[in-house]
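For reference, the structure discussed in these notes is given below.
As the structure is a prediction and not an experimental result, all values here were calculated from the model.
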Amino acid sequence: TAMSLLQFAFATIVFLLGVGLYGLLVSRHLIKVIIALQIVVKSALLAIIVAGDAVGRINLAQSIAMTVIVVDTIAAVLALALVVQIKRRTGSLDAAELGQLRH
């Protein structure tokens, strides 16, 4: 059953990565882009934990994952703060519209 659990974890990683990349490619709304990036990071975190378990270094993998979670949370909060400021100044969160702005 260990192999089937590893296969399930790998399938989950690939699924989350696919959902996140699809969200990045399809959405132009800045908040949806941040959410898609969060899904991609969660996929990477799961991959780190599974890899650490597979090689017998689960403690190291968990430590790395905790570090990534802290850094990722800080980055997401900063990105959301920027999105709030962009919304206040431009009134839009569409990345295509923001790319055409001239100051």
Side-chain angles (χ1 to χ4, degrees):
T1 63
M3 190 58 176
S4 64
L5 185 60
L6 189 62
Q7 289 173 342
F8 176 73
F10 183 70
T12 305
I13 292 166
V14 170
F15 174 74
L16 284 174
L17 186 62
V19 168
L21 291 176
Y22 177 78
L24 285 174
L25 290 173
V26 170
S27 181
R28 298 184 316 192
H29 194 272
L30 292 180
I31 294 178
K32 289 180 183 178
V33 168
I34 292 171
I35 291 171
L37 284 171
Q38 290 294 307
I39 293 171
V40 170
V41 169
K42 299 316 179 238
S43 169
L45 284 172
L46 185 58
I48 289 170
I49 297 295
V50 170
D53 187 43
V55 298
R57 303 286 305 264
I58 190 69
N59 293 337
L60 177 63
Q62 288 175 344
S63 298
I64 292 170
M66 287 300 295
T67 304
V68 171
I69 288 170
V70 169
V71 172
D72 179 54
T73 301
I74 293 169
V77 167
L78 288 174
L80 288 171
L82 286 172
V83 165
V84 168
Q85 292 301 316
I86 290 170
K87 176 69 174 173
R88 283 184 183 169
R89 290 184 184 262
T90 65
S92 174
L93 291 178
D94 191 348
E97 290 178 17
L98 295 174
Q100 297 174 356
L101 290 179
R102 298 282 181 245
H103 188 59

I'd like to check the side chain to side chain contact (heavy atoms under 4.5 Å, CB included) partners of Ile13; sequence neighbours left out, ordered by chain and number.
Ser43, Leu46, Ala47, Val50
Kindly work out whether a path of hydrophobic side-chain contacts (I/L/V/M/F/W/Y, heavy atoms less than 4.5 Å apart) joins Val41 to Met66.
yes
How about NZ on Lys32, more than 12 heavy atoms from neighbouring residues, nucleotides or ligands closer than 6.0 Å, or not?
no
To the nearest 0.5 Å, tell me how far Asp72 CG sits from Gln38 CD.
4.0 Å
Exam field: side chain Thr12 to backbone Phe8, donor-acceptor pair closer than 3.5 Å:
yes
Between Leu21 and Leu24, is any pair of side-chain heavy atoms under 4.5 Å apart?
yes
Which atoms form the tightest heavy-atom contact between Ile58 and Ile49, and what is the distance?
CD1-O, 3.7 Å
Which heavy atom in Gly23 sits nearest to a heavy atom in Ala36, and how many Å separate them?
C-CB, 3.8 Å
Say whether Ile48 and Ile69 are linked into one hydrophobic cluster, either directly or through other cluster members, by side-chain heavy-atom distances under 4.5 angstrom.
yes
Indicate if Ile86 and Ile31 have the same hydrophobic cluster label, given that clusters are the connected sets of ILVMFWY residues with side-chain heavy-atom separations under 4.5 angstrom.
yes
Leu45 and Val40: same hydrophobic cluster, using ILVMFWY side-chain contacts below 4.5 Å?
no
Hydrophobic clustering (ILVMFWY, side-chain heavy atoms < 4.5 Å, transitive) - are Ile39 and Val26 grouped together?
no
Looking at every heavy atom in both Ala61 and Gly52, which two are closest together, and how far apart are they?
CB-CA, 3.6 Å
Looking at side-chain heavy atoms only, is the closest gap between Leu30 and Lys87 below 4.5 Å?
no
